[in-house]
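Notes to accompany the following structure.
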Amino acid sequence: MNSSDVLSGVFESILRTNHVFRNREVLRHDYVPETLPHREEQVRLLGEMVAPVLKGERCSNIFVYGKTGTGKTAAMKYVLSKLSEKAQEFNAPVKVCFVNCRMAGTEYRVFSLLCDAVGVHVPFTGLALGEVFDRFKRGLDSHRHVFIAVLDEVDALVKQRGDVLLYELTRVNETLSRSGAALVGISNDLRFKEFLDPRVLSSLSEEEVVFKPYDASELEDILLDRAKMAFHENVVSEGPIRLCAALAAAEHGDARRALDLLRVAGELAEREGAFKLGELHIRHAEKRIEHDRVAEALRNLPFHSKLVLFSVYLLCRSQVQQLSVTGNIYELYCELCAQSGISPLTQRRVSGLINELDVIGLVNTQVVNMGRYGRTKKIRLSIAPKVVMDTFAVDNRLSRLLTHSPKQLTDFSTLAH
DNA sequence: CTTCCACAGGAACCAGCGGACC
DNA sequence: GGTCCGCTGGTTCCTGTGGAAG
């Protein structure tokens, strides 16, 4: 069979086997359902807080916090969409802008998105931050409206860049003559407040809404709701759903993770042509999600980070794990660079790369003091070595390195004995 | 008690890029 | 066309550190 036959077989079987999903979109993170189970209280609170804008008055700044997958974003989007509907109905001059700060990445891009929302076009680079902000203010003040800026995952931006952006935004009303602006900050990090300037904090958290993690039974309700919409009748029963909820609750009550599990499990079932979703599908989905996350992270690593990780891998694989410290990893990394024909980065930079690998969860590090023998960092792989091997084997530049053992490694081995 | 190792990690700075402004 | 700007991805220089060895 040639490859085009294979593909058309795959496509046709997908078209034939739609007996699992009725609508898989409802299991995606960005789907905002018509009802938010166990978030009625928060939705009501948020609604009360933003309601004054319908009368043309500025509402309080709001600070929303809770861990990932606790429904903050969904609740906020839900409230804003209802607010916009009402505003249209009553002809209230309300504008809202929803920005994900982590996606935007920099203050500049956050400001430029805010500018877009008030109908001002700014180039994607080239202007001074102050200039972009001035244009935003002018654009905002050119008509009379109440503007609500929602900054989702604002903690990510502040930790990286400081709170200049928040400071400017919380003070924006002082310079507006016709319009009013309110700020909603959404944070995944409960300790985020500690990073903030007290002036920003007091101004931003005029009102606060806390989202607690869901427990297993609440997750179950959410999943049941969505499963009814997502799957055909009798595809999924309570058992697998309960398992999904339990697994996600064990993490930290993350609804996003629970929905992912259910969606991937559904896809697995669909692919094998099953008519019912079983607990085994959920278990497999759990493994699949983890594997995909890791493989994806590995593939997207810059080349130098890959070499660093590869050094960690080689050291962990060898018998000399106690030697897996920054200095040795750096030496090994330098040798790999030489073999690849590229010049190595400095140790300071590599130390930074190791920290980045730690942050994305590919390695595990621990600063250790060895007295006379200095202070260093022990680095272990926190993922299955096989995944590293498999992913790097298909990388042209790295696969060549897999075939021969670096000299430095044999030196370490003799050193250890 | 002092010394000293082998780094950690902060701060300042730099180069190159794409782009706006005058 | 020169100048300014922000961003990325580095480098250089530096101070700090906990505990084994002397």
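Letters A, B, ... are given to chains in the order of the sequence lines, protein chains preceding strands, and every chain is numbered from 1. Heavy-atom basis, side chains included; hydrogens, waters and symmetry copies ignored.
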Would you say [X] places a side-chain N or O within less than 4.0 Å of OP1 or OP2 belonging to [N]?
| X | N | answer |
| --- | --- | --- |
| A:Lys377 | B:dA6 | no |
| A:Arg349 | B:dC14 | no |
| A:Ser351 | B:dG9 | no |
| A:Thr326 | B:dA8 | yes |

Tell me which nucleotide among [options] gets nearest to the side chain of [X].
| X | options | value |
| --- | --- | --- |
| A:Tyr108 | B:dC7, C:dC7, B:dG9 | C:dC7 |
| A:Asn369 | B:dG10, B:dC4, C:dG18 | C:dG18 |
| A:Tyr373 | C:dG6, C:dA21, C:dG9 | C:dA21 |
| A:Val367 | C:dT12, B:dG9, B:dC21 | B:dG9 |
| A:Arg109 | C:dC7, C:dG10, B:dA8 | C:dC7 |
| A:Arg348 | C:dA21, B:dA8, B:dA11 | B:dA11 |
| A:Arg375 | C:dT11, B:dT3, C:dT17 | C:dT17 |
| A:Arg372 | C:dG10, B:dA6, B:dC4 | B:dC4 |

For [X] and [N], what is the distance between atoms [atom1] and [atom2] respectively, to the nearest whole Å?
| X | N | atom1 | atom2 | answer |
| --- | --- | --- | --- | --- |
| A:Leu301 | C:dG9 | CG | P | 12 Å |
| A:Asn355 | C:dG9 | CG | P | 16 Å |
| A:Asp358 | B:dG9 | CG | C1' | 14 Å |
| A:Ile354 | B:dC7 | CD1 | C1' | 11 Å |
| A:Met370 | C:dA20 | CE | C1' | 11 Å |
| A:Leu353 | B:dC7 | CG | C1' | 16 Å |
| A:Phe303 | C:dG9 | CZ | C1' | 17 Å |
| A:Leu357 | B:dA8 | CG | P | 13 Å |

For this session: Would you please test A:Asn364 and A:Lys378 for side chain to side chain donor-acceptor pair (under 3.5 Å) and show each step?
Result: CA-CA 8 Å; A:Asn364 216 313; A:Lys378 268 197 173 161; over 6 Å; no
Exercise. With a 4.0 Å cut-off, would you call A:Lys137 and A:Glu131 a salt bridge?
Worked result: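 No, no charged N to carboxylate O under 4.0 Å.
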Exercise. Would you call A:Arg24-A:Glu267 a salt bridge at under 4.0 Å N-O?
Worked result: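 Salt bridge between A:Arg24 and A:Glu267, a charged N being under 4.0 Å from a carboxylate O: yes.
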For this session: Select base, sugar-phosphate, or nothing to describe what A:Gln347 touches, counting heavy atoms under 4.0 Å on all strands.
Result: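 Result for A:Gln347 = sugar-phosphate.
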For this session: Specify the closest pair of heavy atoms between A:Val172 and A:Ala181, including all atoms of both residues, with the distance to one decimal.
Result: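 Heavy atoms of A:Val172 and A:Ala181 come nearest at CG1-CB, 3.9 Å.
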Problem set entry | Aromatic ring proximity, centroids under 6.0 angstrom, A:Phe211 and A:Tyr65 |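 Ring centres of A:Phe211 and A:Tyr65 not closer than 6.0 Å.
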Exercise. Hey, would you say the A:Phe147 and A:Phe136 ring centroids sit under 6.0 Å apart?
Worked result: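 Ring centres of A:Phe136 and A:Phe147 closer than 6.0 Å.
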